Amino acid sequence: MNHWLMKSEPDVYGIDDLEKASTDYWDGIRNYQARNMIRDQMKPGDLAFFYHSNTKEPAIVGIMEIVSEGYPDDTAFDPNEKYYDPKSDPANPRWYRVDVRFVRKLRRPITLRELKTIPELADMPLLRRGNRLSIMPVTPEQWHRILQLEEQAPAA
DNA sequence: GCCAACGTTGGC
DNA sequence: GCCAACGTTGGC
């Protein structure tokens with residue numbers, strides 16, 4: 001089983017939206033590296049952290065489960081969609097999405113600020129300068145370390 | 001709102 | 001295939 005971290009802007013789609021929906025599409029991925037992970041590596045049963053980006057206090061806020069294989073993101077074919085891409089051909093789709101299911105919120109948000117203070121997490125792409133991947137793999141060690149943080153009072 | 005970093009586009 | 005211009009991401 002693989003672990004992931006997936007970013008979303010809470011103003012657009014936050015953990016509360018997923019909780020309400022229970023299961024939803026994770027669509028709008030328009031980056032090749034992220035696309036490849038969705039299409040080739042994500043499997044039902046994988047777990048992912050839900051990360052709030054581009055907000056006052058960026059943080060990991062919850063856990064979700066991947067519940068589908070990657071499959072073509074048909075929002076790319078619809079001119080009325082925000083993420084319409086005229087170059088994605090339905091016969092040879094360029095973009096993919098997965099379905100995700102709400103598992104739970106974390107007891108407390110684990111902020112980016114706090115993550116930066118943990119030496120074992122320094123290798124996470126999330127914490128590396130200039131990295132803008134919206135979906136990234138998380139090692140089992142990193143996953144468990146972050147869940148340990150959840151049990152502790154915030155360090156900072 | 002600013003701006004660094006980085007991906008994409010398109011002229012040549 | 002190079003690379004400048006442009007657009008986007010996302011922390012601050």
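Just the heavy atoms: all of them, side chains too, but no hydrogens, waters or symmetry mates, feed the values below. In this text, all values refer to a predicted model and were calculated from it rather than measured experimentally. Just so it is clear: chains get the letters A, B, ... in the order the sequence lines come, proteins before strands, and each one is counted from 1.
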Show your working on salt bridge (charged side-chain N to carboxylate O under 4.0 Å, His left out) between Arg104(A) and Glu150(A) and close with a plain yes or no. CA-CA 13 Å; Arg104(A) 67 178 180 88; Glu150(A) 184 190 12; 2.8 Å; yes
Please assess Asp73(A) against Arg94(A) for the test salt bridge (charged side-chain N to carboxylate O under 4.0 Å, His left out), listing each intermediate value before the final yes or no. CA-CA 8 Å; Asp73(A) 183 357; Arg94(A) 176 179 294 198; over 6 Å; no
Side chain to side chain donor-acceptor pair (under 3.5 Å), that's the test. Do Asp46(A) and Trp4(A) meet it? Break it down for me. CA-CA 8 Å; Asp46(A) 287 358; Trp4(A) 307 94; 3.0 Å; yes
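Within residues 24-31 of chain A, no residue has a heavy atom under 4.0 Å from DNA chain C.
To the nearest 0.5 Å, the span separating CD on Gln33(A) from CD1 on Ile135(A) amounts to 11.0 Å. Rounded to the nearest 0.5 Å, atoms CE (Met1(A)) and CG (Leu47(A)) are 4.5 Å apart.
Note: Tyr13(A) and Phe50(A) have parallel aromatic rings, judged against thresholds of 30 and 60 degrees for the angle between ring planes.
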Using a 4.0 Å cut-off on protein heavy atoms (strictly under), produce a 5'-to-3' string for nucleotides 1-10 of chain C with B for base contact, S for backbone-only sugar-phosphate contact, and - for none. ------BBBB
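To the nearest angstrom, C1' of dG11(C) lies 16 Å from CE of Met124(A).
Ring centers of Tyr32(A) and Trp95(A): under 6.0 Å apart, within the cut-off.
No engagement by Lys56(A) is indicated, since no non-hydrogen atom pair under 4.0 Å with the nucleic acid exists.
Contact check on Arg35(A) versus Asp40(A) returns no salt bridge, with no Lys/Arg side-chain nitrogen under 4.0 Å from an Asp/Glu carboxylate oxygen.
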